[in-house]
Structures are given as C-alpha cells and as structure tokens.
Amino acid sequence: MSERAIAHSGLRRLLLLPLSMLLFISSACSQGGGEHPARKAMDSTLVITSLGDADYLNPVIGASVTSSNIFGLIYPSLLQSEFDTTTGLLNYMALDKQLRPPTSGHTTKTPKAALARTWRMAPDHRSITYTLRNDAYWDDGKPIVAGDVLFAYRLYGNPVIASPRQQYLAELEGAENGQVDFSRAVAAPDDTTLVFRFHKPVPEYLALFHTSLTPMPEHFWRNVKPDEFRNSPLNRKPLGAGPYRLKSWKPQQELVLESNHRSNLPKPGNIPQLSFRVVPDYTVRLAQLQTGAVDVVENIKPEDFRGLAGSKNPVDIKSVGLRVYDYVGWSNIDQDEYLKSGRAVPHPLFGSAAVRRALTFAMDRQSIIDGYLGRYGVPAVTDISPSLKWAFNEKIQPYPFDQQRALSILKAEGWVPGPDGILQKAGRRFSFALYTNAGNARRNYASVIIQQNLRSIGIECKLEVQESNVFFDNLQNRRLDAWMAGWSIGLEIDPMDVWGSDLEKSRFNFMGYRNPRVDRLSALAKEKMDPLDARPYWLEYQEILHRDQPVTFLYWIRETQGFSRRIEGEELNISGVFYNIDDWTLSPSRTLAP
C-alpha cells in the first residue's frame, strides 16, 4: 500500500476566525471605488478546509493525508500514474513510455509532470535504468538531476530518520542482509541516468512503484545530519519544483500555497493561491461552504446534500471510492513491554486472535453504515479494496453482528462476568480506552455505537478524543492500546509497511501484528512478473487477515466531497480529490500568466 497516508482520513484544534477572512473584511471597509478587494482576493484564492494541519511538508517523513496532498503539489515525481477502473490496475507513465496501453477505464492524466523520459528494465529483472529529462529545475534554479534521487533514497533508507517508506527499499541490493548497500543499489553515473539494482528479480510494475519515491534537492539538504532531519527548520520551507510552492504556514490555522511560475512539471497551477484552512468542527465547515467562505469540504454527510444544493451558494457533491476505510485498531502485543525491552509478547486484552474475532462479532457495523454512510458505505473485510478488482477476494463475507457468538468465544478464552457485570479474567477487568481524533463526525458516531455494543456484552469501552496531531503521534509511537482510525490505501498492493513482522521497518504496523505466512505471501506475490499471477497469494492473504482480525475492519467509504460551483475543471477519481488541481480554475479567474 503505497502512500499509506493516515486518514487516517481526517485530521483540529480551537476554531478561530481565519485571519484571511478578517483581512477581507477590514479591506472592504477601508477602501472605496474600484474592484471590491474581498471579491478580488476570493477570485484568486481557492479555500480548502481540513480537520487538521499537515505534520511535515517533507515526503521522506510526512505521513498524513493532509501532508501528502500538499507536498504532492510542491515536489516533483519521477513518474506519473493512472488507475484503470476496468481492471483495478495501476499504470505508470514517463514522458516517452508507459507500462500498459490505456483502456476505456483509464483516467486522463498526462505524463508531462514526470521527471523520467523513459526507462529500461533489464532482461533478468534485477535492475531498472531511467533516463531523466534535462529541462527540470528546483525552485532556486538548480537543475534536478539523478543525484537528487540517489540522495533521497539514502534518506528514505536511513534507519535514524526512520521514514515510514522504508519498505519501498526492501528489494534493493543489500536489503536482504538487513541494510541497503547504496554503493551498489542506486547509481547516478551522470545527471540524466539513474540505475536501481535489486537483490532478486522484481516485476516491472513493482520496480516502477518502488523506485518512484519523491526526490529531494541534495544541495538544499546535504548538510542536515540524520538525527536532526525531523526537526530541521528546512521542513518548514520546502524547496520543490511542482505547480505550487509554499507561501505561508500558520500552524493549526492555515497553510497557503502559491502558483509556482517557474514550474514546467507540468506547469504553474492555474489558481494563484490555495489556502488549506484548519476547521476542526464539521458544522462550521458545512456552514462556511454554504455561505461561500470556503470552496472545498471533504466527507459531506449524505443527509446534508439537499441543504447544500439549495443554499445561497449552490454546491456540487461528487463522490469517489473505494480507497478509504475506517477500522478499530487493537494492540496485538503489549506495547509497554515492547517499548521497554523490544520483546513482542501478547497484549493482555487483545493478544488473542479469537478475542479479536469476538470483538468484531460484537460490533453492529451495518448499523453504523445504515445510520451514517448509507449507500456511500460498504462493509470491509480486509484492506484490499473491492476497487482492486483483479485481487479482491469476493468469497470472504463480513463477520455478522452476533453478540451471543462473541460471548461464547470470550467465555472459551476465559473471560467471565465479574461482580460489576464487566468481564474479567485472572482478576483483570475487560476495560480499555478507545481513542480517536477530534473533529471526525463519522468516527464519533461509530465510536458511540461500538461503545454501546461492547457494553452490552460486558466490556467497558471508554471513549477518548485527542487533537489529531497528538493522536497520530501517539499512534506512530505505539502508545495506544485501542483506537479508531482509517487508511487511504495505495493503489498498488504492497502491505509490508502495515503488516510486516519486522516492526522496526514496518512503521505503520501500529498493532504489532506478526504473521510469517503473511510475510511469505507478500514475498511470493512480488516474485510474479505479471500481477494477475499473484492473485492466488493475495486471496490467501485476505483469508488470513479475516481470520486473525489484527484490526476490526469497519467499512469502505465512498468519499463525498462538496465543491463550490465557482470551481471549474475539477476531475475526481480514486487517485485523489486533488488529482488535477493544477488544472482547476476559479470563475471568473483566468489561467495565471507565467
């Protein structure tokens, strides 16, 4: 799962009247004649709301959806990709080459933003060589060269930096011995030639996927020591080359990007400014969309569609999916013991797969879908989306809501009612806190139902809400025993960053789940040169996850987004809400002159 952005899909703090709105008001009162300054500002700025702020504007360490949406507009990419809805396969494109011919189910993305002109896969599939274009430049005028990609991969692979994308390097030379040998694995013999070497044959699609991590400007970052990387002030002033660049950032309030007039990857963004505004409260986001104070609000509730359509500033509702799912996470191991000693011992509550299955049986997941998502929700059984048609295991059925069966399993595991009605085992009550991030109305709704479901079988579930940056930091540092979050999955199946048994390399394995057969199936699947030949392995993989329930998979979400009708040219698909945002325009705005 590639960009495993934590959704984990929404991200909050005290609600403040945005400074930009205050400026609009004061300007309107102080000036007379000419074009209305507030209208002029609004015509040149697209306002997007989010539940919370970016964590890092650095693709090496950034992990949240908000961060990836933003740095995807700032930094260049080696390749472009497009998703084929007919097959569920991902295509890769350089300027002069693409992996697969397009079909009727492909999107309209062009390769003009790609740094690679072409590539050549070795006959033995143990290396891939890229030829880069020679007309791409960082925002400071320095050319983007093959050495920048090599430099970036050294960052991604540095254990001190601990990038969440370390698993992308698992096939490179030396990784089989525990650490990539960069003297052999990646080479940049000249500015436009880039070579990756693997310790085993790698299918072409996976080689393209794993070698297209975002490059970083070596001349800008070379003097930053690995142990200072995460706290470097350079993280707050990124040097990119994409259609937008950072203009300002007021943490927990607003981040503004401006069109990058230097960019030819593929071009400067049409809209002069993009404002990513932190608005934690859903009702406030909705009201601002209705009044025209903001332009884009994600995850609109279906019951609010009619009101938006008839509001003073009519809104278009668009949906796309299925890429995002919510889940309840369980610590499969005792996190305290692991952090203290490095030993992975079963968690006293959630260490048994049978107990985790019982918890899933105890939850009325369909009532959550019916009560909140309606036809925009689909029950989830694993993390392989039904949209990935070639690999999805349609034979697996969701566990039904069956509390008697849950109680029977728990009794067999030694959990019996205590004097206060709460289940207990060996003197320990089945009581825990379920954490989630603030500002996510969908998860708040689901967590209350889950709490009631569990209470009815004698499990005490206390609900705790944390400010999102705190919540995700606690997740990444494995400080939580139970939580509700979500994933925006990658469109290439590569699950080791989440389920890999090496917990130091699998930076998103917050659960501490370890299953050698899952590791092996993933390895076997990645040995197949044609992804369709890997299907049997992914079918078994899904059966194991369904049996082990390392998390309780809740539902896939057909994301519903609200767009102001002054936006023109937006194109939604499973690749993302802001898939072609550099092509959007604001009426009556015109394309920004270079």
What are the two closest heavy atoms between [X] and [Y], and how far apart are they?
X: L373; Y: R442; result: CD2-CD, 3.8 Å
X: Y327; Y: G486; result: CE2-N, 3.5 Å
X: A406; Y: F361; result: CB-CB, 4.0 Å
X: L423; Y: P417; result: CD2-N, 3.6 Å
X: T382; Y: H546; result: CG2-N, 4.3 Å
X: A362; Y: I457; result: CB-CD1, 3.5 Å

To the nearest 0.5 Å, what is the distance between [atom1] on [X] and [atom2] on [Y]?
X: R323; Y: S488; atom1: CZ; atom2: OG; value: 4.5 Å
X: I449; Y: S367; atom1: CD1; atom2: OG; value: 4.0 Å
X: D295; Y: L46; atom1: CG; atom2: CG; value: 4.5 Å
X: K526; Y: L524; atom1: NZ; atom2: CG; value: 10.5 Å
X: F350; Y: D334; atom1: CZ; atom2: CG; value: 11.5 Å
X: I317; Y: I300; atom1: CD1; atom2: CD1; value: 5.0 Å

Query raised in the report: Under 30°, 30 to 60°, or over 60°: which ring-plane class applies to Y168 and H210, parallel, tilted or perpendicular?
Result: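 Tilted.
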
Does the side chain of [X] come under 3.5 Å of the side chain of [Y] through a donor N or O and an acceptor N or O?
X: W330; Y: T552; value: yes
X: Y282; Y: D304; value: yes
X: D336; Y: Y338; value: no
X: Q561; Y: N299; value: no
X: D326; Y: W556; value: no
X: D383; Y: Y541; value: yes

Donor-acceptor contact present, side-chain [X] to main-chain [Y], <3.5 Å:
X: D548; Y: P550; answer: no
X: Q476; Y: A63; answer: no
X: E467; Y: V470; answer: yes
X: S447; Y: R443; answer: yes

Residue pair [X] / [Y], side-chain heavy-atom distance below 4.5 Å:
X: I459; Y: I422; result: no
X: W483; Y: V328; result: no
X: Q167; Y: D494; result: no
X: P379; Y: I369; result: yes
X: V551; Y: F553; result: yes
X: W487; Y: Y325; result: yes
X: F430; Y: L359; result: yes
X: F229; Y: V160; result: no

Requested in this report: Would you sort out whether F83 and N573 count as a side-chain contact (heavy atoms from CB on, under 4.5 Å), showing the intermediate values?
Outcome: CA-CA 8 Å; F83 185 76; N573 61 58; 5.7 Å; no

Query - Step-by-step side-chain contact (heavy atoms from CB on, under 4.5 Å) determination, F432 to L434 - result: CA-CA 7 Å; F432 64 91; L434 179 66; 4.2 Å; yes

Query raised in the report: Is there any salt bridge (Lys or Arg N to Asp or Glu O under 4.0 Å) pair reaching into residues 357-375, and which pairs are they, with sequence neighbours excluded?
Result: none

Report summary line: From the list V324, L322, L572, side-chain contact (heavy atoms from CB on, under 4.5 Å) with E559 holds only for V324

Query raised in the report: Checking side-chain contact (heavy atoms from CB on, under 4.5 Å) against L475, which of Y435, F510, F508 comes through?
Result: F510

Query raised in the report: Honestly, is R535 close enough over W390, meaning NZ or CZ under 6.0 Å from the six-membered ring centre and within 45° of the axis?
Result: no

Flag if over 12 foreign heavy atoms under 6.0 Å of [atom1], [X]:
X: K528; atom1: NZ; value: no
X: Q404; atom1: CD; value: no
X: K411; atom1: NZ; value: no

Requested in this report: Run the numbers on Y376 and Y555 for ring pair (Phe, Tyr, Trp, His ring centres under 6.0 Å), then give the verdict.
Outcome: CA-CA 10 Å; Y376 296 94; Y555 40 74; over 10 Å; no

**Report entry** Verdict with reasoning, D55 to N469, per side-chain hydrogen bond (donor to acceptor under 3.5 Å, both in side chains)
**Finding:** CA-CA 7 Å; D55 54 0; N469 285 349; over 6 Å; no

Report task. Go through the steps for K318 and E570 under the test salt bridge (Lys or Arg N to Asp or Glu O under 4.0 Å), then give the verdict. Result -> CA-CA 10 Å; K318 300 189 177 186; E570 74 273 23; 3.1 Å; yes

**Report entry** CA sep, side-chain torsions, deciding dist, call: E337, S341, side-chain hydrogen bond (donor to acceptor under 3.5 Å, both in side chains)
**Finding:** CA-CA 6 Å; E337 180 63 30; S341 68; 2.7 Å; yes

Report task. Show the numbers, then the answer: is there a side-chain hydrogen bond (donor to acceptor under 3.5 Å, both in side chains) between H347 and Q335? Result -> CA-CA 8 Å; H347 190 278; Q335 304 283 25; over 6 Å; no

Query raised in the report: Charged N to carboxylate O below 4.0 Å: is that the case for E298 and R285?
Result: no

Requested in this report: Could you tell me whether D473 and R479 have a side-chain N and a carboxylate O separated by less than 4.0 Å?
Outcome: yes

Query - Chi angles and distances behind the side-chain contact (heavy atoms from CB on, under 4.5 Å) call for V47, V296 - result: CA-CA 7 Å; V47 182; V296 181; over 6 Å; no

Report task. Apply side-chain hydrogen bond (donor to acceptor under 3.5 Å, both in side chains) to the pair R230 and N235, showing each step before the final yes or no. Result -> CA-CA 8 Å; R230 287 180 173 267; N235 284 309; over 6 Å; no

Query raised in the report: Could you walk me through whether I574 and L491 pass the side-chain contact (heavy atoms from CB on, under 4.5 Å) check?
Result: CA-CA 9 Å; I574 197 171; L491 298 178; 4.0 Å; yes

Query - K395/E543 under salt bridge (Lys or Arg N to Asp or Glu O under 4.0 Å): CA gap, chis, key distance, verdict - result: CA-CA 9 Å; K395 293 182 180 180; E543 291 168 356; over 6 Å; no

Query - Verdict with reasoning, R455 to E460, per salt bridge (Lys or Arg N to Asp or Glu O under 4.0 Å) - result: CA-CA 6 Å; R455 183 62 182 87; E460 183 178 56; over 6 Å; no

